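As the structure is a prediction and not an experimental result, all values here were calculated from the model.
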Amino acid sequence: MMSSTVADLLIDRLIAWGVDTVFSLPGDGINGIYEALRTRHDRIRLVQVRHEESAALAACGYAKFTRRLGVCLATSGPGGIHLLNGLYDAKSDGQPVLAITGHTFHDLIGTHYQQDVSLDKLFSDVALYSERVMGPAHVSNVVDEAIKTAISRRTVAHITIPKDIQDWSAQEEGSKANIPGHSGDRYSDPLPLPSQSLIERAAAVINAGSKPAILAGRGSLGAKSEILELAELLGAPIVKPLLGKAVVPDDHPLTTGGIGLLGTAPSQEVLETCDTLIIAGSSFPYLEFYPKPGQARAVQIDLDASRIGLRYPVEVGLVGHCWDVLRALLPLVTHRSDRTFLTDAQGRMAQWNTLMEERGSRMDMPLKPQVVVRAVNEFLADDAIVCCDTGTVTTWVARHIKMKGQMEFSASGTLATMGNGLPYSLGAGIAHPGRQIVCIAGDGGFTMLMGELATLVKYALPVKIIVLKNNVLGMIKWEQLAFEGNPQYGVDLQPIDFAGFARACGATGFTVEDPRQVQDVLRQAFSTPGPVVVEAVIDPLEAPLPGKITTDQAWQFAKAQYTADKLGLTRFVSMQNHYNLIYREEEREMIPQCLEIGV
């Protein structure tokens, strides 16, 4: 098909780059582009969403689960503005996403015309490349540069095209300097390897340690066998930041699971006591969970040279893909016969797993969120894709969903935006129509973009959605209590009948409140064709406590409860039971102090 308009040129160039899916909501600022999509619908698929933020988040999810470019499209003005949160999610988690937006008439820009927003300027922070198309001869150059930037830098690129320019003839000539056909639609992935001397220095640092630990992030997702081989050689526990949850199975004896506020106590203790740290493909942001500066000698592997030493001072930085660098490094790593550090961590992990099993199998009422999430494991396929929203739900999923086989997992990592779970599952479902897709969200995050349930119905995507309903913004409540020492305020939510909402959208809806019925309800849900929502009504007083509670967190919570009692406010939750978690010896003295003032 010959390109007759600028919009045709745009879509043909996307197709030449191998783009086959665009997430979008229509608008008059992109009508020309929509016509080009319509006439090429056999080669490029338009996925219509209910909100532009969902388009960007779905494109991010698509990129995460395909390792390919995600593309979203929005109209001028407010449409483009709505993309921003999802695009920041892609930028923060290093995902290649191309955003295309419309603009007002080219000769009315800057005259206060309707929807006249300079999106190329607005996107200058979120997008590493942001450019306005000025005519037909400009299209291929800009598209090529945008896509190459997004893929090579694993970030966001943006193109905006005034609505009238979209309809201009494709045959109009450009400047004499712009020779047609000089820009290519090809990209070659860089495969850098550090020098042999750097590899040898890194091996020397690693071999000299006696208490090695591996921090394996999302950059290690394609290096499972290499990470396991390194851990086995060294007797090194593998600690997994949230985005690295799928690097190795959760039941593997070499891992102590997650790290951070939603991680495990054994992982935290590994990093508190290690003398050697190998950071593999991770920019885990929370500095307080790393070894203290000077405690451990460190080696870092990262594809981005600017990330070396970002979170922890390292002696050797190795730039490249984790799998390539590890293959070069492994022959120089010596087998460590002393496994004391590993076996100690494994002993603590056995205790932790017992505790998690107890908390995930409680039959008391109200229904505990851990019970619901843990029960989901029985129904997950070996290649399931699990999309997690942001909030207290992230804690329950991080600790209780068990990765196995070829399962994949993602959440909004560094941006930690709420509302990502459902659009991620949309992107995953479009990318992998034959695989099981599961979305686990809290009622706060699900509500933000729950219109996309209708999108799942429209495209017949059999996503199974678990909504943990406690009618409160639980993570914010916890932060108010434990971080600030304040009573909860402004966090209660008006209840919604999510099962009824599902049925209104044309999906199937179930509700469960009794822990004894969870297994049967989930069995029905996972055996039901099409999209399904399971509304699990859970205990709002179940706190998402860290694996190791600090003295300050306990004290702030006590202050918050004391203030609430004085003011006659609702009692929050007793932390006394939660001190059965693994915690530091010096914190034992804090318990009676908390009890004295009412906790």
Would you say [atom1] of [X] has more than 12 non-hydrogen atoms from neighbouring residues, nucleotides or ligands within 6.0 angstrom?
X: Arg68; atom1: CZ; result: yes
X: Gln114; atom1: CD; result: no
X: Arg516; atom1: CZ; result: no
X: Gln406; atom1: CD; result: no

Would you indicate whether the side-chain heavy atoms of [Y] and [X] approach each other to under 4.5 Å?
X: Gln115; Y: Pro78; result: yes
X: Thr101; Y: Phe123; result: yes
X: Phe409; Y: Ile385; result: no
X: Leu545; Y: Trp478; result: yes
X: Leu14; Y: Leu98; result: yes
X: Leu119; Y: His158; result: yes
X: Leu73; Y: Ile33; result: yes
X: Pro26; Y: Thr75; result: no

Quick one: does [X]'s side chain have a donor or acceptor within less than 3.5 Å of a partner on [Y]'s backbone?
X: Ser267; Y: Thr256; result: yes
X: Thr255; Y: His252; result: no
X: Lys224; Y: Pro249; result: no
X: Ser220; Y: Ala280; result: yes
X: Lys240; Y: Val248; result: yes
X: Asp389; Y: Gly419; result: yes
X: Gln48; Y: Lys458; result: no
X: Thr39; Y: Glu35; result: yes
X: Thr394; Y: Gly391; result: yes
X: Gln480; Y: Tyr489; result: yes

Parallel, tilted or perpendicular: which describes the rings of Trp396 and His400, with under 30° parallel and over 60° perpendicular? tilted
Matching residue for Tyr88 among Val156, Leu83, Val126 - test: side chain to side chain contact (heavy atoms under 4.5 Å, CB included):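 Answer after filtering Val156, Leu83, Val126: Val126.
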Could you tell me which non-hydrogen atom of [X] sits nearest to which non-hydrogen atom of [Y], and how far apart they are?
X: Phe526; Y: Val438; result: CE2-CG2, 3.8 Å
X: Leu367; Y: Val512; result: CD2-O, 3.9 Å
X: Cys72; Y: Val97; result: SG-CG1, 4.2 Å
X: Val133; Y: Val142; result: CG2-CG1, 4.2 Å
X: Asp443; Y: Asn471; result: OD2-N, 2.7 Å
X: Ile538; Y: Leu468; result: CD1-CB, 3.7 Å

Is a side-chain donor-acceptor pair under 3.5 Å present for [Y] with [X]?
X: Gln370; Y: Glu542; answer: yes
X: Asn85; Y: Glu53; answer: yes
X: Thr160; Y: Arg132; answer: no
X: Tyr129; Y: Thr155; answer: no

For [Y], is there an ion pair with [X] - N to carboxylate O distance below 4.0 angstrom?
X: Asp364; Y: Lys368; answer: yes
X: Glu288; Y: Arg311; answer: no
X: Arg40; Y: Asp12; answer: yes
X: Glu535; Y: Lys469; answer: yes
X: Lys64; Y: Glu408; answer: no
X: Arg154; Y: Asp93; answer: no
X: Lys245; Y: Asp250; answer: yes

How many angstroms lie between [atom1] in [X] and [atom2] in [Y], if you round to the nearest 0.5 Å?
X: Ser76; Y: Asp28; atom1: OG; atom2: CG; answer: 6.0 Å
X: Arg67; Y: Gln95; atom1: CZ; atom2: CD; answer: 8.0 Å
X: Met418; Y: Thr447; atom1: CE; atom2: OG1; answer: 8.0 Å
X: Leu422; Y: Leu456; atom1: CG; atom2: CG; answer: 5.5 Å
X: Ile466; Y: Cys439; atom1: CD1; atom2: SG; answer: 8.5 Å
X: Ser412; Y: Tyr424; atom1: OG; atom2: OH; answer: 5.0 Å

Report the C-alpha separation of Ile238 and Ile227 in whole Å, then their side-chain angles, then the decisive distance to 0.1 Å, and conclude whether the side chain to side chain contact (heavy atoms under 4.5 Å, CB included) test is met. CA-CA 8 Å; Ile238 302 168; Ile227 290 290; 3.7 Å; yes
Does the pair Val71 and Phe23 meet the rule for a side chain to side chain contact (heavy atoms under 4.5 Å, CB included), with working shown? CA-CA 6 Å; Val71 180; Phe23 299 93; over 6 Å; no
Using the salt bridge (Lys or Arg N to Asp or Glu O under 4.0 Å) rule, take Asp382 and Arg435 through it: C-alpha gap first, then chi angles, then the decisive distance, then the call. CA-CA 10 Å; Asp382 283 351; Arg435 291 175 65 177; over 6 Å; no
Met356 vs Arg399, test: side chain to side chain contact (heavy atoms under 4.5 Å, CB included). Steps then yes/no. CA-CA 8 Å; Met356 291 299 101; Arg399 291 179 180 169; 4.2 Å; yes
Assess the residue pair Thr455 and Glu452 against the criterion (side chain to side chain contact (heavy atoms under 4.5 Å, CB included)); give the C-alpha distance rounded to whole Å, side-chain angles, the decisive distance to 0.1 Å, and a yes or no. CA-CA 5 Å; Thr455 307; Glu452 300 313 327; 2.6 Å; yes
Residue pairs fulfilling ring-ring contact (aromatic ring centres under 6.0 Å, His included) with at least one residue in residues 425-468, sequence neighbours excluded: Phe446-Phe498
